[in-house]
Amino acid sequence: MITIEEGCYTGNAYLSLEQMQVNATYIYNYYLKKGWTAFAICGMLGNMQRESTINPGIWENLDQYQNSKNGYGLVQWTPASNYLDWCFENSLNSKYMSSNLARIDYELANGLQWIKTDKYDESFQEFTTSTQSPSILAEMFLLNYERAGVSALEERQSNANYWYKYLTGNTPTNPDEPDNPDTPSVSTKKKKGYNFVLFNRRRRI
């Protein structure tokens, strides 16, 4: 069930594009005030759309409490206990947008989750102030932060370009991918007339 908390949509279901736009705008304004560039925010949003449909209260495969190893939240923290235990210790509601963003802030401040790679040796802090294109920063966030089992890189880059254009009104300088996603950014497979939604599995630290 999707509800509105703190002005954002949250709950264990996939968001529509219109709902994602509301949540993305909240995240964009939040991180602009913290000094992030629009490029970095949209690179991260491109990943969040793939991971969770920008939903702070969603479980991997919608399997709430069925598997403690499942992912949860905006970036699908895996196992979910990495995030949920931290919320409990800090008296935070895990499904709130503010709690999800507070966790990302905590990781940024304490050197957690982000691991430099051979391709991108920037730190998490350097990522936040980067002026590289949204598509490049979407890949950087994927490789250095998400480390997803299924990269779906082009989808994440397309998402990032879309959010940059939607939120800033400007076209990315090097949009290599289409910038008009109109469906939730999770992988789907049709089998015997049903849709099966598959979230990425990834390693977490």
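All values below come from the heavy atoms of this structure, side chains included, with hydrogens, waters and symmetry mates left out. Residue numbers start at 1 and run along the sequence shown. Small disclaimer: the values here were computed from a predicted structure and weren't measured.
- A salt bridge does not link Glu60 with Lys69: none of the charged nitrogens is closer than 4.0 Å to a carboxylate oxygen.
- Ser52 and Ile58 get closest at one heavy-atom pair: CB-CG2, 3.6 Å.
- Although no hydrogens or angles enter the test, the distance criterion places a donor-acceptor pair under 3.5 Å between the side chain of Thr78 and the main chain of Gln76.
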What pairs of donor and acceptor atoms, side-chain ones from residues 19-29 against any protein atom, are under 3.5 angstrom apart with sequence neighbours left out?
unit_1, atom_1, unit_2, atom_2, d
Gln19, OE1, Ser16, N, 2.9
Gln19, OE1, Ser16, OG, 3.4
Gln21, NE2, Tyr162, OH, 2.8
Asn23, OD1, Tyr9, N, 2.8
Asn23, ND2, Tyr9, O, 2.8
Asn23, ND2, Ile54, O, 2.9
Thr25, OG1, Gln21, O, 2.8
Asn29, ND2, Thr25, O, 3.3

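- Minimum heavy-atom separation, Ala160 to Pro134: CB-O, 3.6 Å.
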Without placing hydrogens or testing angles, list every side-chain donor-acceptor pair under 3.5 Å for residues 31-43, not counting sequence neighbours.
unit_1, atom_1, unit_2, atom_2, d
Tyr31, OH, Leu101, O, 3.3
Tyr31, OH, Asp105, OD1, 3.2
Thr37, OG1, Ala40, N, 3.1
Thr37, OG1, Ser130, O, 2.6

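- Every ring pair (Phe, Tyr, Trp, His ring centres under 6.0 Å) that Tyr72 has, sequence neighbours left out, goes to Trp59, Tyr83.
- Summarising the geometry of Val150 relative to Arg156, their closest heavy-atom pair is O-NH2, 3.5 Å, with the distance given to 0.1 Å.
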| task | Show your working on side chain to side chain contact (heavy atoms under 4.5 Å, CB included) between Tyr30 and Met97 and close with a plain yes or no. | result | CA-CA 11 Å; Tyr30 177 89; Met97 179 68 77; over 6 Å; no
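- In this structure, the separation between CG on Leu167 and CH2 on Trp163 is 6.5 Å, given to the nearest 0.5 Å.
- Partners of Tyr120 according to the ring pair (Phe, Tyr, Trp, His ring centres under 6.0 Å) rule, which considers only residues two or more places apart in sequence or in another chain, do not exist here.
- The backbone N or O of Gly57 sits less than 3.5 Å from a side-chain atom of Asn55, completing a donor-acceptor pair.
- Considering NZ of Lys119 and CG of Leu143, their distance stands at 6.5 Å, rounded to 0.5 Å.
- Among residue pairs with one or both ends in residues 84-104, those qualifying as ring-ring contact (aromatic ring centres under 6.0 Å, His included) are Trp86-Tyr106; sequence neighbours excluded.
- Once rounded to the nearest 0.5 Å, the distance linking CG of Asp121 with CE of Met140 reads 8.5 Å.
- Asn100 approaches Leu74 most closely through the heavy-atom pair OD1-N, 2.9 Å.
- We find the CD-OG1 distance between Glu126 and Thr129 to be 7.0 Å, quoted to the nearest 0.5 Å.
- Although no hydrogens or angles enter the test, the distance criterion places a donor-acceptor pair under 3.5 Å between the side chain of Asn93 and the main chain of Lys95.
- Taking the side chain as every heavy atom from C-beta outward, Ile104 and Trp77 approach each other to under 4.5 Å.
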| request: Mind running side chain to side chain contact (heavy atoms under 4.5 Å, CB included) on Asn144 and Gln113 for me, showing each step along the way? | output: CA-CA 8 Å; Asn144 293 18; Gln113 187 54 41; over 6 Å; no
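- Glu5 and Thr3 form a side-chain donor-acceptor contact under 3.5 Å, judged by distance and modelled atom types alone.
- Glu51 places no side-chain N or O within donor-acceptor distance of the main-chain N or O of Met48, the cut-off being under 3.5 Å.
- Without hydrogens or angle criteria, Ser158 side chain to Glu154 main chain gives no donor-acceptor distance under 3.5 Å.
- By the 30° and 60° cut-offs, the orientation of the rings of Phe124 relative to Phe127 is tilted.
- Taking a cutoff of 4.0 Å between a charged side-chain nitrogen and a carboxylate oxygen, Arg50 and Glu146 do not qualify as a salt bridge.
- Thr128 meets the side chain to side chain donor-acceptor pair (under 3.5 Å) test with Gln125; sequence neighbours excluded.
- By the 4.5 Å heavy-atom criterion applied to side chains, Ser99 and Cys87 are counted as neighbours.
- Lys116 and Glu122 make their closest contact through CG-O, 3.4 Å (heavy atoms, listed as atom of the first residue, atom of the second, distance).
- Taking OG from Ser94 and CZ from Arg103, the interatomic distance works out to 12.5 Å, rounded to the nearest 0.5 Å.
- In this structure, Asn47 contributes its side chain and Ala138 its backbone to a donor-acceptor pair below 3.5 Å.
- Looking at every heavy atom in both residues, Ile2 comes nearest to Leu15 through CD1-CD2, 3.5 Å.
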